[in-house]
Amino acid sequence: MSITLHTNLGDIKIELFCEQTPKTCKNFLALCASGYYNQTIFHRNVPKFLIQGGDKEGTGKGGHSCFKERYFEDEFNENLTHSTRGIVAMANKGKPNTNSSQFYIIYSPQPQLNNQCTVFGKVIHGLDILDKMEGIPVDNKYKPLQDIRILNVHIHSNPIAMFVDVDDNNGAIKN
């Protein structure tokens with residue numbers, strides 16, 4: 001299973017670990033399928049650490065999962081670690097089981113994040129685009145000085161698409 005983030009800097013293809021992290025991948029794929037991530041910015045860009053996005057507000061304070069609850073539980077796996085550039089994981093509130101829509105891609109190994117944030121994918125094409133992202137200047141709070149934007153997301157194969165129902169009234173995703 002894979003998706004492509006079409007960004008204003010180029011495309012990043014991500015392999016998803018659906019078997020190891022089924023709930024996390026269901027959430028991410030449902031948000032992708034609904035257009036939730038379209039036109040959102042990466043609001044945090046810390047060179048040699050990570051780039052973070054997935055907040056429709058663009059502040060790093062927003063986001064909602066596709067489930068009835070705003071947050072969902074962690075899915076740690078000893079075989080999925082923050083071991084290499086391009087690992088994709090869920091951002092959280094710094095507390096267990098606070099995953100929603102925000103995610104990040106690491107620029108370098110970050111072992112201190114193991115068993116803190118759920119790893120659910122890895123970049124398989126577009127590491128050169130990740131290089132471009134890392135090179136964008138940031139302010140003193142690591143907000144990029146130029147927008148790094150997800151234009152849209154292409155899902156290469158989505159086995160849960162038939163189960164997603166988007167409420168047109170407020171954009172919420174129903175299960």
Side-chain angles (χ1 to χ4, degrees), residues 1-7 10-38 40 42 44 49-56 62-130 133 150-167 171-175:
M1 171 68 61
S2 64
I3 61 99
T4 297
L5 298 176
H6 299 287
T7 78
D11 295 346
I12 296 177
K13 188 172 185 179
I14 298 170
E15 175 186 353
L16 301 177
F17 306 136
C18 296
E19 289 184 22
Q20 298 96 326
T21 58
K23 191 163 191 174
T24 303
C25 287
K26 178 178 181 177
N27 178 69
F28 187 71
L29 285 165
L31 294 173
C32 289
S34 74
Y36 185 91
Y37 294 122
N38 293 355
T40 60
F42 285 95
R44 183 173 175 224
F49 184 42
L50 58 77
I51 186 163
Q52 183 173 333
D55 172 14
K56 283 186 92 60
H64 200 289
S65 76
C66 74
F67 307 109
K68 290 179 185 175
E69 305 80 24
R70 180 175 183 186
Y71 303 115
F72 66 95
E73 65 273 7
D74 298 315
E75 292 182 294
F76 300 134
N77 182 309
E78 65 184 25
N79 297 315
L80 301 178
T81 62
H82 294 79
S83 58
T84 188
R85 182 176 181 82
I87 290 294
V88 183
M90 293 303 296
N92 60 35
K93 300 280 185 190
K95 296 185 265 183
N97 305 314
T98 55
N99 302 295
S100 62
S101 62
Q102 292 188 46
F103 66 95
Y104 59 83
I105 306 170
I106 61 172
Y107 291 132
S108 63
Q110 302 297 328
Q112 75 280 9
L113 296 176
N114 293 341
N115 297 314
Q116 302 296 315
C117 300
T118 299
V119 170
F120 69 96
K122 70 176 180 180
V123 173
I124 57 173
H125 181 73
L127 288 171
D128 57 326
I129 304 306
L130 206 56
M133 291 175 166
I150 298 172
L151 304 174
N152 58 61
V153 182
H154 177 81
I155 301 170
H156 297 282
S157 176
N158 185 358
I160 62 126
M162 67 184 97
F163 302 111
V164 176
D165 181 21
V166 178
D167 177 356
I173 300 172
K174 301 185 294 187
N175 292 344

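These figures come from a predicted structure and were not determined experimentally. One is the number of the first residue; the rest follow in order along the sequence.
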**Prompt:** Going by heavy atoms in the side chains, are L5 and I14 under 4.5 Å from each other?
**Reply:** yes

**Prompt:** Is it true that atom CD of Q112 has more than 12 heavy atoms of other residues, nucleotides or ligands lying nearer than 6.0 Å?
**Reply:** yes

**Item:** Pair Q102, S100: side-chain N/O donor-acceptor within cut-off below 3.5 Å
**Value:** no

**Fill in**
When rounded to the nearest 0.5 Å, the distance separating CD of Q52 from CE of M90 is 9.5 Å

**Fill in**
All heavy atoms of Y36 vs all of G63, minimum pair found to be OH-CA, 3.4 Å

**Asked** Can you find a pair of side-chain heavy atoms, one from N38 and one from L151, that are under 4.5 Å apart?
**Response** no

**Fill in**
Here the gap from N97 atom CG to E75 atom CD, rounded to the nearest 0.5 Å, amounts to 10.0 Å

**Request:** Could you walk me through whether N114 and E78 pass the side chain to side chain contact (heavy atoms under 4.5 Å, CB included) test, one step at a time?
**Result:** CA-CA 9 Å; N114 293 341; E78 65 184 25; over 6 Å; no

**Request:** Assign the ring pair F28 / Y37 to parallel, tilted or perpendicular, where the plane angle (0 to 90°) is split at 30° and 60°.
**Result:** tilted

**Item:** Side-chain donor/acceptor of N92 to backbone N/O of N99, under 3.5 Å
**Value:** no

**Heavy-atom donor-acceptor pair, T21 side chain to C18 backbone, under 3.5 Å** = no

**Item:** Exercise: identify the closest heavy-atom pair between L16 and C25
**Value:** CB-SG, 4.0 Å

**Request:** Taking the side chain as every heavy atom from C-beta outward, state whether V119 and N77 have any atom pair closer than 4.5 Å.
**Result:** no

**Asked** Can any side-chain N or O of S101 pair as donor or acceptor with the backbone N or O of G54 at less than 3.5 Å?
**Response** yes

**Prompt:** Does a donor on one side chain sit under 3.5 Å from an acceptor on the other, for Y71 and S65?
**Reply:** no

**Gap separating the CG atom of L80 from the CZ atom of F120, nearest 0.5 angstrom** = 11.5 Å

**Prompt:** So do F17 and T24 actually touch side chain to side chain, heavy atoms under 4.5 Å?
**Reply:** no

**Item:** Point-to-point distance, once rounded to the nearest 0.5 Å, from CG of N27 to CZ of F103
**Value:** 11.5 Å

**Request:** Go through the steps to decide whether Y104 and C117 satisfy the test side chain to side chain contact (heavy atoms under 4.5 Å, CB included), and finish with yes or no.
**Result:** CA-CA 10 Å; Y104 59 83; C117 300; 3.1 Å; yes

**Asked** Say you draw a straight line from NZ of K56 to NE2 of H64; how long is it, rounded to the nearest 0.5 Å?
**Response** 13.5 Å

**Side chain to side chain, H156 and S2, heavy atoms closer than 4.5 Å** = yes

**Request:** Show your working on side chain to side chain contact (heavy atoms under 4.5 Å, CB included) between I3 and L29 and close with a plain yes or no.
**Result:** CA-CA 8 Å; I3 61 99; L29 285 165; 3.8 Å; yes

**Item:** Side chain proximity check, T4 to H6, heavy atoms < 4.5 angstrom
**Value:** yes

**Fill in**
When rounded to the nearest 0.5 Å, the distance separating CG of L50 from CG of L130 is 10.5 Å

**Request:** Side-chain contact test, heavy atoms from C-beta onward, threshold under 4.5 Å: evaluate it for D11 versus H125 and give yes or no.
**Result:** no

**Item:** cation_pi(K23, F67) dist<6.0 Å, angle<=45
**Value:** yes

**Prompt:** Do Y107 and M133 come within less than 4.5 Å of each other through their side chains, counting heavy atoms only?
**Reply:** yes

**Request:** Spell out, as yes or no, whether a donor-acceptor pair under 3.5 Å connects the side chain of R85 to the backbone of V123.
**Result:** no

